[in-house]
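Just so it is clear, the values below take in all heavy atoms, side chains as well, and ignore hydrogens, waters and symmetry mates. Since this is a predicted model, take the numbers as computed values, not measurements.
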Amino acid sequence: MTTPTPIPVRWRAADPLVTDHEPNVLGVPAGTAARAGSLETDGEFAGIPEFFAGLPRGRLVVLGAPGAGKTVLVHRLARRLLEARGPASGAPVPVVLPLASWNPAEGRGLWQWAAERLSAEHPVPLPTPRTALDLIESGRVLPVLDGFDELPRPSQADALRQLRTSLTTHARYVLTSRTREYTRAVEAAALPMPGAVAVELCPLTVDDLRHYLPRTSRRTSRADPSRTKWSPVLARLADPADTRRETRVLRQVLSTPLMVALARVAYSETDADPAELLGAGRFTTRQAVERHLYDAFLTAAYADAGPALAARARRRAAFLAAHARRLGDTEIAWWRLEQALPSWLRRLSVLPAAVTTALTVRFAGLGAPWWDRWVPVPLWAGCGLAALAYAWHEWGGRPSRVPQQTRLPLSAGTRPAVSWTAVGKAAGWTLLAVGAVYLAYGIAGSHGRRLGAVLAAAFLAYTVLCEVLRRTRRPADPQTAAEPARLLLRDRRTALALGVVPTRGAGEPALVWGLPVILLALWHLLGGRDVVTAGTWLGTVAGAALSTWLHENATSAWGRFTLARLWLATTGRLPWRLMDFLREAHAKGILRQSGGVHRFRHIELRNRLAEDIPAPAPPHGRLHALGEPVGGALGLLGGVLLFSTALGMLDADGVPAPHPGPATTCAVLPREALDALMTDWRRTTRDDTCLAGEQAPFAPEVQVSVQVRAMAPGPGGLSGAQVAHQSFQRMLKFEQGQRRAAAGASGRPSTAMFFDDRPAPGDEAVRVVTRTGLRTSTGTLLQRARFTVRKGNLLVAVRYEEEFASRRRVAAVAESLLRLALGRDDARDLAGIPRTRPPHDSRLTRHRQPERRLLGAVWGRRERSYLWEFPVAPWRLRAPKQLTCNWGDEDNPHVSVYDCGTRTDTSSGASTVGPPAGSIPRLRLHLAELSCQDSCSRTETRRFAADRPGPAAVRWRPHGKGGPLYAVRRTEKVYELRLWTELHSSRNAWQLYMSVRVAPRHAELAQKILNSAYTQLGGR
């Protein structure tokens, strides 16, 4: 409009039907006539400041055709008013606001929308919308409402009514609109704007063109210095006799300053000939000429870049234009480019913070979550997913914040109020911290009180630091920035430097990203007291700070802009060096720069470029409708899960430390140790105890058990070591009671018990060595040593029993096993501890060999079994070691009975040998003996037989002359063998009965037991 000289734009009074009465404009009281000619409504471009200053009520409506120069005129007005306004002036401050971004259907009044827009764009002088609204209503801010015609057509009349009803006595404004749209809105609203002067920009004449266009182009004739390339075109336009269609269309097009400016760039500044505009049959419509001028202008702007680069630059400019039109704006604000991103990608910007939170929780090593019993998802993964779901809904979908910058704290006039606010917050946080300390004391005792005090002090320090840093971080005013790149630099520096402090008004991200610290505090108070170290705290706090920093940067203006750059550059819609592209477009006249934003040169240019980009497809109706409820449900679920995770930590199982215990139960009883103690051993587990026993039939009986319990912190703030100490003291009192009971009335310890409570080799220890019976029918005694040691939070109990061993040997073996279980390297070599030879008359030597066969299979020499003896009855046999035998009472005092079964059938008073049955088949063994004097009578024999379990009707088979009788009973579920024989001595006779029952698939086991008994009875 002003290159090389201003285009001669003029205005005149608008249609009286759209203008208020002149007395209303002049503010004349009712009944007083206005002086004729007191309001001059004609003027020209350069006189707009003086014209506006002469309006009594400061209300102006500028109308005109598209491209008539309305926006340029009001921008010139705003610039001149600012230049004329001194620092201490009371004149209103003009602010240009594009009306296209206001939606009257949302229910926000025009001034409320304007106040919010002003507060967002100028946050320093206008910190709140209320402040901006007060300035508008009092007339101290002059809203320049540009583009009334850009509002949706159905809303234009309603917008005019809202503007009219919201006007106060002192309210001033400037409104621009196309003439047709404004006239239609006034007719629909039934009244014009009160007190406003409406002027209309006049179209340019051919004389205006003859005085302007030649001055923009070089001369083409030395003989005629006034001749330029425009001379033939202007001559035809000035000829009233030229009524060809092309000439008439070009006169209409060049009647607007915008088209004249485009024609100047397209032809005056290039070697193109404007005579083509009048080519026969080429441009026969106004739309065709305008499109050609827009295209020619853009082509001329990028003429030096080559065809391919020019086409690519135009596509990128078209994308920016379409984006601005979708936002209802003529500005290109770099921090609003993130609205061109897909919704899912904007929400995904919080993913790095959520991943960092998950890794931080994993690093903290917290206990198992409350959902572990139902869903096998670790705590760190659950926390990460919950944080992502909550942040996805809460912050991911929000628009980015306005650019930020670091500034000194508020002015002295506002410090007292802020100080009192800070004091009130500090007092509230202090009371909360004191309550948290007492709560921690109630949960974890003195340990919780100390930890709560430290955490409360750290939290208060962080709160004070956040308050100080928040005062230094303020929204930046885009209008004060030298260029958009400088505004971006300010925001990037602020986000990188102060990202650990959450921004005001952004919810409470510190509570979400600080969740690992909260969980660690609860864990430290309860189950994880012994595993949490200073390094754990340092790493967790650093991880929480990093999560907050990542969140703040991801949702900051520059963070979202960087994400938009990556996405748009990857998809080819914008270049990676976007700021350089915008600077180039500004240099070529496509864009204008206003502080920290760019604007298209004209809204019509924006609309023309936007036509090159197809409209985006509307979202799927049902999916789009479900998106928000589903997102809200996920966010709510994530928030509930985060809250429940913190509550679930109150009931989390503790972790033992500093000693976590063995990886497996039997890791404390290695193979090498068992090989040194037993010929053929078998090792099993029972809860937290490792059991091992000798399985070779002709080796001394050996039984080993090692129990390792790693104690976790207990209630009341007790550490694992303290819990272990209490358990040890209870066990020690029990052992001391046993010692006193063994001492008896004399008060002297029994010679069968050795008791020692010296502390080595752990923090606390007790050793008991005694002789005990197996309580089997053999009555064999085992030498036993029991050692129990507490080392830190570990309780280790070792029991070693060996047949025929000395007290010294079992004590030495037990202590060596104890040292192995504690992980010490000073354990004695078990193979080097001297053994005791079995006596000549023992169960091992009394057993007859080899096995003789009565029926079926027999035991192998080394086959796992046990040599059983029943001293009350003359029975000896080999059978599985994992048996439980009960001596039953009979009504007949001459009858002795034993009932044996696999260990799963244990009962009170039963004798047991070896570790649990494991894979031993189910077996029932019944032994009975009838003792008579010289011989057993028939009556005694029949009664004895009738009392035996099982069916009485069996077919007995003799084995040789004078040999035993045996019977076989096989059904679908039971295989039973019976043996009946009679023994004699010089004074007595005995009837012996045996029954073995197993499942049919284990018939060989029953045969082996039967043949073993037959062998020990003499094989006859």
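- By the 6.0 Å contact criterion, CD on Glu1004 is open, its count of non-hydrogen atoms from other residues, nucleotides or ligands being 12 or less.
- Counted within 6.0 Å of CZ on Arg943, heavy atoms from surrounding residues, nucleotides or ligands total 12 or fewer; the atom is thus considered open.
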Does the side chain to side chain contact (heavy atoms under 4.5 Å, CB included) test come out yes or no for Leu674 and Leu669, once each step is laid out? CA-CA 7 Å; Leu674 297 178; Leu669 204 55; 3.8 Å; yes
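- One distance of note links SG of Cys885 with CH2 of Trp887; it measures 13.5 Å at 0.5 Å rounding.
- Side-chain contact annotation: Tyr866 with Glu694, donor-acceptor N/O pair under 3.5 Å absent.
- Of all heavy-atom pairs between Asp688 and Thr665, the closest is C-CG2, 3.7 Å.
- When all heavy atoms are compared, the tightest approach of Pro1000 to Lys973 is CD-O, 3.3 Å.
- Contact check for Arg846 versus Asp841: side-chain heavy atoms found under the 4.5 Å cut-off.
- Looking only at atom types and distance, the side chain of Trp990 has a donor-acceptor partner in the side chain of Glu929 under 3.5 Å away.
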Thr536 and Thr533: side-chain hydrogen bond (donor to acceptor under 3.5 Å, both in side chains), yes or no, with the steps? CA-CA 5 Å; Thr536 308; Thr533 63; 3.1 Å; yes
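- When side chains are defined from C-beta on, Leu855 counts as touching Val968, because their heavy atoms get closer than 4.5 Å.
- Remark: Glu982 CD to Leu1017 CG distance equals 12.5 Å, nearest 0.5 Å.
- Two residues are said to be in side-chain contact when any heavy atoms from C-beta on lie closer than 4.5 Å; Leu795 and Phe728 meet this criterion.
- Remark: aromatic rings of Phe944 and His894 are distant, center separation not under 6.0 Å.
- When every heavy atom of Ala827 is checked against every heavy atom of Ser816, the shortest pair comes out as CB-O, 3.7 Å.
- With contacts defined as side-chain heavy-atom distances shorter than 4.5 Å, the pair Glu976/Val996 does not qualify.
- Note that the CZ atom of Arg799 and the OG1 atom of Thr788 stand 11.0 Å from one another [nearest 0.5 Å].
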Please evaluate residues Arg682 and Arg864 with respect to the criterion side chain to side chain contact (heavy atoms under 4.5 Å, CB included), reporting the C-alpha separation (whole Å), side-chain torsions for both, the decisive distance (0.1 Å), and the verdict. CA-CA 10 Å; Arg682 182 170 176 267; Arg864 287 185 171 184; 3.7 Å; yes
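- Within a 6.0 Å sphere centred on CZ of Arg862, heavy atoms belonging to other residues, nucleotides or ligands number 12 at most.
- The aromatic rings of Trp980 and Tyr993 sit perpendicular to each other, their planes meeting at more than 60°, with 30° as the lower class boundary.
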Check against side chain to side chain contact (heavy atoms under 4.5 Å, CB included), Phe698 and Leu867: CA-CA 8 Å; Phe698 297 102; Leu867 305 182; 3.6 Å; yes
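- Using a 4.0 Å cut-off between charged side-chain N and carboxylate O, Glu735 and Arg786 make a salt bridge.
- Considering CG of Leu977 and CE of Met994, their distance stands at 7.5 Å, rounded to 0.5 Å.
- Under a 3.5 Å cut-off, the side chain of Trp868 and the backbone N or O of Leu883 do not form any donor-acceptor pair.
- Residues Ser705 and Leu691 approach most closely at CB-CD2, 3.3 Å, considering heavy atoms.
- In this structure, the side chains of Leu923 and His1002 stay at 4.5 Å or more apart for every pair of heavy atoms.
- Between Arg828 and Glu815, the closest side-chain pair of non-hydrogen atoms is not below 4.5 Å.
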Working note: Tyr975 + Arg969, criterion side chain to side chain contact (heavy atoms under 4.5 Å, CB included); need CA distance, chi angles, decisive distance, verdict. CA-CA 6 Å; Tyr975 178 83; Arg969 185 173 71 91; over 6 Å; no
Could you walk me through whether Ser727 and Arg730 pass side-chain hydrogen bond (donor to acceptor under 3.5 Å, both in side chains), step by step? CA-CA 5 Å; Ser727 298; Arg730 288 192 295 268; 3.1 Å; yes
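- Proximity of a side-chain donor or acceptor of Asn793 to a complementary backbone N or O of Met711 within less than 3.5 Å is detected.
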Could you go through the salt bridge (charged side-chain N to carboxylate O under 4.0 Å, His left out) check for Glu869 and Arg843 one step at a time? CA-CA 7 Å; Glu869 290 186 351; Arg843 64 179 183 89; over 6 Å; no
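- For Asn1011 (side chain) and Leu854 (main-chain N/O), a donor-acceptor pair under 3.5 Å exists by modelled atom type.
- Shown here is Arg809, whose CZ atom has more than 12 heavy atoms of other residues, nucleotides or ligands within 6.0 Å.
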Should Lys1008 and Glu851 be marked as a salt bridge (charged side-chain N to carboxylate O under 4.0 Å, His left out) after you check the CA-CA gap, both sets of side-chain angles, and the distance that decides it? CA-CA 9 Å; Lys1008 291 177 182 180; Glu851 297 285 337; over 6 Å; no
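- In this structure, CG in Leu1005 is found 11.5 Å from CG in Leu1010, a value given to the nearest 0.5 Å.
- Checked by atom type, the side-chain pair Arg948/His926 shows a donor-acceptor distance below 3.5 Å.
- Judged by distance alone, with hydrogens and angles left aside, the side-chain atoms of Arg808 form no donor-acceptor pair with the main-chain N or O of Ala811 at under 3.5 Å.
- Side-chain atoms of Gln1016 never come within 3.5 Å of backbone atoms of Arg876 as a donor-acceptor pair (strictly under, hydrogens ignored).
- Gln707 contributes no side-chain N or O that, together with a main-chain N or O of Thr689, makes up a donor-acceptor pair within less than 3.5 Å.
- Residues Glu764 and Val789 have side chains not in contact (no heavy-atom distance under 4.5 Å, counting atoms from C-beta outward).
- Cys936 approaches Gln991 most closely through the heavy-atom pair SG-CG, 3.6 Å.
- Taking 4.5 Å as the limit, every side-chain heavy atom of Pro921 sits out of range of all side-chain heavy atoms of Val998.
- Counted by atom type alone, Trp681 and Asp675 present one or more donor-acceptor pairs between their side chains at under 3.5 Å.
- Of all heavy-atom pairs spanning Val723 and Pro713, the tightest one is CG2-C, 4.3 Å.
- Side chain of Thr845 to backbone of His840: a donor-acceptor contact under 3.5 angstrom is found.
- Distance check, rounded to the nearest 0.5 Å: CG of Leu677 to CD of Glu672 gives 11.5 Å.
- If you check the side chains of Arg878 and Ser865, you find a donor sitting under 3.5 Å from an acceptor.
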